[in-house]
Amino acid sequence: MCGIVGYIGSKSVIPILINGLSKLEYRGYDSAGVAVYKGGEIETYKAQGKLQKLKDLLGTNGNGDNANKIGIGHIRWATHGAPTEINAHPHVSCCKKIAIVHNGIIENFKELKEELTKKGHVFVSQTDTETIAHLIEENLKTHPDIFDAVRHSLKKLEGAYAIGVVYKDNPDILIAARKNAPLIVGIGENENYIGSDVPAILEYTKNVIYLDDSEIAEIKADDVKIYDFDGNVIKKKIECVPWEPVALSKMGYKHFMLKEIHEQPDVIRQTLSERLISSDLPLQLNEVKLTKESLKKLNRIQIIACGTSLHAAMAGKYLIEEFIGIPVDIEASSEYIYKRTISSANSLVIGVSQSGETADTITAIRQAKAEGAHALVITNRVDSTMAREADSLLPINAGIEVSVAATKSYTAQLIAFYLLAIYLAEIKEALPAKDIIKFKEQLFKLPQQVEIILGNKTEIKRCARKFHNAKDFIFIARGINFPAALEGALKLKEISYINATGYPAGELKHGPIAMLEDTIPVLAILMPGLVYEKVLSNSEEAKARDAKMIALTSSNDKHLESVFDFIIKIPDIDEIFSPILTTIPLQLLAYYIAEFLGKDVDQPRNLAKSVTVE
Ligand code: AGP
């Protein structure tokens, strides 16, 4: 998934583009480039590697450069073609008059490329994107107006794209369009912007137009018009984004990830606020449009997600089944979309996505809705494609999450599932009122319990230092904490690159135990409750195979010292609420291990914050 920026106005354009790209680095960072109108020409500058390489190429951040009026920029997460300079965007047409930046995948680019090559177009890169530049150039022959040439070109494209286009012979118009990939237009004073996401332009304006699929924008310095691909004008609302630029600063933390881990007590409060008014009042989930009648007819609940959001979904399954007794299916979005979709008007499909732009999850929800399902979306971005297409919405209100590794958004997704499970139990009267009150009282306590854990970082850091050279790492748990084990493994894997795996503790003896030896740490989530003794005996089985044992527990059982090499203590809590607490130390453990290994914590290799391509 890539990042796009664009500007049209009277200022020096390169610093604006570079600044915008720096706010989108979380979307991908294997190469970057800009195309600017300079001295009557479209000049393109590209560099392989992180954004700093492009800044070095442009001189001191390109300041003072006399390129002004108009420009586009791109930061890449390679899909087609290796992350080299030649494959970096922007891409240009043969005549070098047209430059384009693109986020997404053109599914039919090979056929188009063959057609255009036969017509004499010369390609220099291996990307799908370059095809669009040559297609526009070809269409200019029959549609001399650049806007029309772009519009007609888009009709030939299949797949997903958000694009920005500049044209040497008409530097007073910036063209942008989207289909199945996010793109916004920022509205300034006699200047306008485009961006893949709000952070790219937040410093300059909070007034944005969210383009929807199959919309194209003709953007001048003092005017913006939106059309559909048939050229019909579309009236769009200018919305004011609810964030301040300060959300994009590290606020003194070394990494965004550490900042976002520490935001979690407040994030839990924000996710609960205006919904959990008091323990003896019904929950207020005003954007969840599920009635008593529709719930009575409900015969299937499916939760669909990817990555960390899939782990939140797994915890959600446990809670909903526990609280209302309706069976819940979990499916990775990428698997869901390639099997028969079994949904109906009596199905509830829950899409979980921090970004609300994950292509696989968008496609899966669309497939379920096409079969009549009610789509409820749990997301951090109410401005996202998924949110705008949902029948019901449960915003998690975690604030912009910049670090590629999801932390505060995961905790907020868990809270959202506690709220949803209790809400469904209230509507269906599936639990005794006194239990519901007790659960709500637990929710109120969570922020300060998380603060206690954050206050105990030294122990977790000591554990990280002790085990940071491990080559393999195993996490085990049972019940509602099994998703926490999977999430702890994913966190460690994705930022330290250590081979970390989560298993149901009971599964260890069915194969994985063969791997154990004294170089492998096994972290057991051991919370007092239904499965405590079972996890303890699984831990003793691992200990007997010389594994290095770590316990994450609230127990004060002295016996644990004879089993575990390291014990991470957390506050006591009802087992069913413990995933909120167990996940925090695992986030910190992954963070400190990655730190000790000198990894790029906020921008791990090969990753992107939101995978907007299937
Ligand atoms: C989590 O740390 C990863 N960044 C990744 O697994 C992420 O959770 C996944 O790509 C889903 O993203 P989404 O929540 O925005 O849909």
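Ligands are counted one by one from 1 in listed order, and the atoms in each one are counted from 1 as well.
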- Message: Is a donor from one side chain sitting under 3.5 angstrom from an acceptor on the other, for D329 and Q302?
- Response: no

- To the nearest 0.5 Å, how far apart are CZ in F566 and CZ in R462? 4.0 Å

- Indicate yes or no: does R366 engage D213 in a salt bridge with an N to O separation below 4.0 Å. yes

- Which atoms of ligand 1 are found less than 4.0 Å from any heavy atom of A406? 1 (C), 2 (O)

- Message: Students should be able to answer this: which protein heavy-atom is nearest to atom 3 (C) of ligand 1, and at what distance?
- Response: E494 OE1, 3.4 Å

- Query: Do T341 and E371 have a side chain donor and acceptor closer than 3.5 Å?
  - Reply: no

- Query: Can you tell which of S384, C306, G307 gets a heavy atom nearest to atom 11 (C) of ligand 1?
  - Reply: C306

- Query: Just checking, is any N or O donor in the side chain of H255 or S403 under 3.5 Å from an acceptor N or O on the other one?
  - Reply: no

- Task: May I ask whether V404 has any heavy atom positioned less than 4.0 angstrom from an atom of ligand 1?
- Result: yes

- of all protein heavy atoms, closest to atom 15 (O) of ligand 1 is S355 OG, 2.7 Å

- Side-chain donor-acceptor pair under 3.5 Å between T385 and E357, yes or no? yes

- Task: Looking only at protein heavy atoms, identify the closest one to atom 16 (O) of ligand 1 and say how far it is in Å.
- Result: T358 OG1, 2.5 Å

- Task: Answer with yes or no whether K491 contacts ligand 1, where contact means a heavy atom under 4.0 Å from a ligand atom.
- Result: yes

- Query: Is any side-chain heavy atom of L586 closer than 4.5 Å to a side-chain heavy atom of I525?
  - Reply: yes

- Should you measure from each heavy atom of A405, which atoms of ligand 1 turn up under 4.0 Å away? 2 (O)

- Message: With heavy-atom distances below 4.0 Å as the criterion, list the atoms of ligand 1 near T308.
- Response: 1 (C), 2 (O), 6 (O), 8 (O)

- Task: Quick one: pull up CD1 in I498 and CD1 in I593 and give me the separation to the nearest 0.5 Å.
- Result: 5.0 Å

- Which ligand 1 atoms does S353 reach within 4.0 Å, using its non-hydrogen atoms? 13 (P), 14 (O), 15 (O), 16 (O)

- Query: Would you call K50 and E25 a salt bridge, taking side-chain N to carboxylate O under 4.0 Å as the test?
  - Reply: no

- For S309, the ligand 1 atoms with a heavy-atom partner under 4.0 Å come out as 8 (O), 13 (P), 14 (O)

- Query: Within the structure, does K609 bring an N/O atom to less than 3.5 angstrom of an N/O atom in ligand 1?
  - Reply: no

- Note on the structure: Nearest non-hydrogen protein atom to atom 10 (O) of ligand 1, with distance, is V611 CG2, 4.2 Å

